[in-house]
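Below is one structure, written out as structure tokens; comments come after it.
First listed ligand is number 1; within each ligand, the first listed atom is number 1. Since we're looking at a predicted model, the values are computed, not measured.
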Amino acid sequence: MRKVRKAVIPVAGLGTRFLPATKAMPKEMLTIVDRPVVQYAVDEAYEAGIEHIVFVTGRNKAIIEDYFDAQPELLDTLAQSGKHEQRMALDRLLPQPGATSFTRQQAPLGLGHAVWCARDIVGDEPFALLLPDMVSYGKRGCLAGAMDLYDSVGGNVVTVEQCDPLETNRYGIVGRGRAAGSGFQITEMVEKPAPSVAPSNYYINGRYILQPEIFDILGNQERGAGNEIQLTDAMVRLSQSQPFHGQLFEGRMFDCGSKEGFIQANVAFALARNDIRNSVLDPIRELLSYHDAKSDAA
Ligand code: UTP
């Protein structure tokens, strides 16, 4: 079985759900506590054993490339002012030289098109795909579980979580077949089915391991919903000739492309940090009792 060495992280979307913040600022650079959203995806990829990360960027996204570059003046200043711990922390975040690539999606024609833009850099090998605005929260990153399943059953892997059965029309939903390794065989994939026809409530939560044949299918440039080149459509085509497996994620994903998910992620990650937990929790408690008192009075 071919090893998964590379991960694609698409960061070229317009982030319209987060306007006006994303008018000049990529949504992937919004911060959860003190790290940009995209850093969480990169950490998760490395935790899962990824060696090389391919970013698919676009106009107004150059700051992402700068973020993953060295900042010698800053490092010198930190060293001179004795802030060695901060300096080392920045050093640790720096990718290995030559272990990142950046390519541009010249027009935001959809996720499928963004993935296709990475085809030459990925080449003829399986790769991981992480949608960075889906931020993984749990003991272990979501991609690590997908890698375990891939190592035991191969093929293509998507990770899933369960949604409210009445909300299947908001997600890409999979049909659940027989057990396979730590996961299950996928019998079908449907984009946003109505609850009455959805094959399950297992939704694809933004982590994939895909075989390179997906690029040939995406290369046909067929438009789907929203006149965009849809990844799900290409996966459905690929599933006619290759197996797809599902791995249930045991943590939870925050959709940081939405305001609610982003705020929830900030609270969750802040509460998980010993250095700031109490100074965040106590004011939240106070705010809650203030709002409860106000609604009781109304
Ligand atoms: P989303 O659909 O959440 O991103 O894509 P979006 O289009 O930026 O969001 P809204 O709906 O307008 O708010 C998931 C990931 O795929 C990337 C996005 O940057 C995001 O990380 N993406 C999406 C691209 O790189 N190119 C695209 O054409 C679309």
**Request:** Quick one: look up the protein heavy atom nearest atom 17 (C) of ligand 1 and list residue, atom name and how far away it is.
**Result:** Pro10 O, 3.7 Å
**Request:** Just need the protein heavy atom nearest to atom 25 (O) of ligand 1, so name the residue and atom and give the distance.
**Result:** Ala12 N, 2.8 Å
**Request:** Step through it carefully: locate the ring centre of Phe215, locate the ring centre of Phe127, and say whether they are under 6.0 Å apart.
**Result:** yes
**Item:** Rounded distance [0.5 Å steps], CG in Asp76 versus OG in Ser81
**Value:** 10.5 Å
**Prompt:** Does ligand 1 have a heavy atom under 4.0 Å from the side chain of Ala114, from its backbone, from both, or from neither?
**Reply:** side chain
**Message:** Is there a polar contact between ligand 1 and Gln105, counting only N or O atoms under 3.5 Å apart?
**Reply:** yes
**Message:** Give the atom numbers and elements of ligand 1 that come within less than 4.0 Å of a heavy atom of Pro108.
**Reply:** 28 (O)
**Prompt:** Just wondering, are more than 12 heavy atoms of other shown residues or ligands nearer than 6.0 Å to CD in Gln96?
**Reply:** no
**No-hydrogen, no-angle side-chain donor-acceptor test under 3.5 Å, Tyr67 and Gln39** = yes
**Asked** Which residue owns the protein heavy atom closest to atom 15 (C) of ligand 1, what's the atom, and how far is it?
**Response** Asp133 OD1, 4.0 Å
**Asked** Among protein heavy atoms, which sits nearest to atom 13 (O) of ligand 1, and what does the distance come to when rounded to 0.1 Å?
**Response** Arg17 N, 2.8 Å
**Asked** If you measure from OG1 on Thr22 to CD on Glu28, what distance do you get to the nearest 0.5 Å?
**Response** 9.5 Å
**Message:** Strictly below 4.0 Å, N to O, side chains only: are Arg140 and Asp148 in salt-bridge contact?
**Reply:** yes
**Asked** Does an N or O from Gly15, backbone or side chain, lie closer than 3.5 Å to an N or O of ligand 1?
**Response** yes
**Message:** Testing the 3.5 Å rule here: is there a donor-acceptor pair between the side chains of Gln242 and Glu213?
**Reply:** yes
**Message:** Taking Leu143 as the starting point, is it possible to reach Tyr150 by hopping between hydrophobic residues whose side chains are less than 4.5 Å apart?
**Reply:** yes
**Message:** Protein heavy atoms near atom 2 (O) of ligand 1, is at least one of them under 4.0 angstrom away?
**Reply:** no
**Prompt:** Counting both backbone and side chain atoms, is some N or O of Ala107 under 3.5 Å from an N or O of ligand 1?
**Reply:** no
**Request:** Specify side chain, backbone, both or neither for Lys27, according to which of its non-hydrogen atoms lie closer than 4.0 Å to ligand 1.
**Result:** side chain
**Message:** Taking the basic N atoms (NZ, or NE/NH1/NH2) and the acidic carboxylate oxygens, is any pair closer than 4.0 Å for Arg237 and Asp233?
**Reply:** no
**Item:** Leu14, portion touching ligand 1 at heavy-atom distance under 4.0 Å
**Value:** backbone
**Request:** Supply the atom-to-atom distance Arg176 CZ to Ser200 OG, rounded to the nearest 0.5 angstrom.
**Result:** 8.5 Å
**Item:** Nitrogen or oxygen of Pro132 less than 3.5 angstrom from that of ligand 1
**Value:** no
**Asked** What part of Leu109, side chain, backbone, both or neither, has a heavy atom within less than 4.0 angstrom of ligand 1?
**Response** backbone
**Prompt:** Is it true that Glu125 and Lys6 have a side-chain N and a carboxylate O under 4.0 angstrom from each other?
**Reply:** yes
**Message:** Gly257 versus ligand 1: do any nitrogen or oxygen atoms come within less than 3.5 Å of each other?
**Reply:** no
**Prompt:** Is the closest heavy-atom distance from Met134 to ligand 1 below 4.0 Å?
**Reply:** no
**Item:** contact_flag Gly110 ligand 1 heavy-atom lt 4.0 Å
**Value:** yes
